[in-house]
Amino acid sequence: MPPMITEPPVGYHFAPLTPGTPHFAHAVLLYLTIWPADGGVATITDFFTRYAALPDYHGLVALPDDHAEELAGFGFGARSLPGDWWHERLAAHVGVEHPALQDAWGLVDLAVAPQHRDKGIGGALMETLLAAQPCPRALLSTEVSNAGARRLYERHGWSYLHPGFAFNPGDQPYAVMRRELAR
Ligand SMILES: CC(C)(COP(=O)(O)OP(=O)(O)OC[C@H]1O[C@@H](n2cnc3c(N)ncnc32)[C@H](O)[C@@H]1OP(=O)(O)O)[C@@H](O)C(=O)NCCC(=O)NCCS
């Protein structure tokens with residue numbers, strides 16, 4: 001496993017991902033360049049904003065030191081709780097009592113702009129968020145087809161809680177990954 005670096009790579013800095021800020025709007029636009037089928041600006045702004053209001057929300061943007069108006073990447077998540085859409089669908093597949101679902105933090109999104117990838121930003125965003133949140137374990141889902149993301153998560157100590165199911169009928173399958181965190 002690589003060292004769990006909780007600071008930005010040289011040449012970048014992190015700032016909070018907070019609703020109503022320019023960085024927040026830029027993160028929505030970056031999301032839509034990667035996952036355009038998920039909706040438009042209003043839909044994704046609403047999606048991000050709802051997560052930002054959940055318990056133990058943490059979100060970060062990565063910014064180049066010399067172009068701080070350009071967003072290099074972002075990540076966010078919140079406590080995964082019964083009653084939440086994602087948590088309920090996962091519970092339906094693995095059981096609501098599954099230990100991985102108890103006191104767990106969900107990494108909802110992690111994205112780095114193509115020109116800033118493979119520099120350690122994604123890994124550092126993830127580790128910094130995990131170090132900041134209070135839960136002893138974490139969960140995420142990613143497309144089974146997203147081999148690059150799964151490889152990154154595997155290298156960072158995540159393992160498979162479920163090999164893949166469609167969260168919505170007709171969607172592609174998502175693998176669900178879990179990680180126990182050293183506290
Ligand atoms: C997945 C994603 C977030 C990774 O971001 P990233 O900033 O490229 O991640 P890292 O740089 O930390 O790691 C990526 C690779 O670069 C390598 N790397 C890390 N630091 C490096 C450095 N300083 N120099 C060169 N390579 C480095 C890592 O070893 C890793 O290799 P791997 O692909 O073989 O695992 C990014 O590819 C992305 O946004 N993809 C589209 C959205 C997505 O799939 N999100 C995740 C699913 S929700």
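Whatever order the structure lists them in is the order used to number ligands and atoms, beginning at 1.
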(message) Heavy-atom distances under 4.0 Å decide this one: backbone, side chain, both or neither, for Tyr153 against ligand 1?
(response) side chain
(request) Distance to 0.1 Å, residue and atom name: give those for the protein heavy atom nearest to atom 6 (P) of ligand 1. (result) Gly122 N, 3.6 Å
(request) With rounding to the nearest 0.5 Å, note down the distance linking CZ in Phe167 to CD in Gln172. (result) 11.5 Å
(message) I want to check something: taking the side chain as every heavy atom from C-beta on, are Thr6 and Thr128 in contact at a cut-off of under 4.5 Å?
(response) yes
(request) Could you check His26 against Phe74 for side-chain contact (heavy atoms from CB on, under 4.5 Å), going step by step and ending with a plain yes or no? (result) CA-CA 9 Å; His26 291 159; Phe74 71 91; over 6 Å; no
(request) Among all protein heavy atoms, pick out the one at the shortest distance from atom 25 (C) of ligand 1; state its residue, atom name and that distance to 0.1 Å. (result) Asp118 O, 3.0 Å
(message) Can a side-chain donor-acceptor contact be found between Tyr153 and Arg179 if the only test is distance below 3.5 angstrom?
(response) no
(message) Do Tyr160 and Glu154 have side chains that approach each other closer than 4.5 Å (heavy atoms only, starting at C-beta)?
(response) yes
(request) With heavy atoms of Ala149 as the reference, note each atom of ligand 1 found under 4.0 Å away. (result) 44 (O), 46 (C), 47 (C)
(request) Find all atoms of ligand 1 within a distance of less than 4.0 Å from any non-hydrogen atom belonging to Asn146, and give their numbers and elements. (result) 43 (C), 44 (O), 47 (C)
(request) Could you tell me the residue and atom name of the protein heavy atom closest to atom 38 (C) of ligand 1, and the distance to it rounded to 0.1 Å? (result) Arg117 NE, 3.4 Å
(request) Would you please determine whether Phe74 falls within less than 4.0 Å of ligand 1 on a heavy-atom basis? (result) no
(message) Among all the protein's non-hydrogen atoms, which is closest to atom 33 (O) of ligand 1, and how far away is it?
(response) Arg151 NH2, 2.9 Å
(request) Using a strict 4.0 Å cut-off to heavy atoms of Trp35, name the atoms of ligand 1 that fall inside it. (result) 42 (C), 43 (C), 45 (N)
(request) Considering the heavy atoms of Ile121, write down every atom of ligand 1 situated less than 4.0 Å from one of them. (result) 7 (O), 11 (O), 12 (O)
(request) Run the ring-centre check on Tyr31 versus Phe76 and record whether the distance is less than 6.0 Å. (result) no
(message) To check your reading of the model: name the closest protein heavy atom to atom 13 (O) of ligand 1, its residue, and the distance in Å.
(response) Leu152 CD1, 3.4 Å
(message) To the closest 0.5 Å, what do you measure between CE (Met177) and CG (Leu107)?
(response) 11.0 Å
(message) Quick check: do His23 and Thr18 have side-chain heavy atoms less than 4.5 Å from each other?
(response) no
(message) Using 30° and 60° as the class boundaries, would you call the ring planes of Phe165 and His93 parallel, tilted or perpendicular?
(response) parallel
(message) How far is atom 39 (O) of ligand 1 from the closest protein heavy atom, and which atom is that?
(response) Val112 N, 2.7 Å
(request) For Thr142 and ligand 1, answer yes if some heavy atom of the residue is under 4.0 Å from a ligand atom, otherwise no. (result) yes
(request) Mind checking the CD-OH spacing from Glu143 to Tyr174? Nearest 0.5 Å is all I need. (result) 4.0 Å
(request) For Ala111, take its heavy atoms, then give the atoms of ligand 1 lying under 4.0 Å from any of them. (result) 39 (O)
(request) Apply side-chain contact (heavy atoms from CB on, under 4.5 Å) to the pair Leu161 and Leu90, showing each step before the final yes or no. (result) CA-CA 10 Å; Leu161 174 59; Leu90 176 57; 4.2 Å; yes
(message) Between Leu181 and Leu140, is there shared hydrophobic-cluster membership here, with clusters defined by ILVMFWY side-chain heavy atoms closer than 4.5 Å?
(response) yes
(message) I'd like to check whether Leu110 has a polar contact with ligand 1, where a contact means an N/O of the residue lying under 3.5 Å from an N/O of the ligand.
(response) yes
(message) Which residue and atom name correspond to the protein heavy atom nearest atom 28 (C) of ligand 1, and how close is it?
(response) Arg155 NH1, 4.2 Å
(message) Return the closest protein heavy atom for atom 23 (N) of ligand 1 as residue, atom name and distance.
(response) Lys119 O, 3.6 Å
(request) Work out whether the distance between some heavy atom of Pro9 and some atom of ligand 1 is less than 4.0 Å. (result) no
(request) Taking only heavy atoms of Gly120 into account, list the atoms of ligand 1 that are under 4.0 Å away from them. (result) 10 (P), 11 (O), 12 (O), 19 (C), 20 (N), 21 (C)
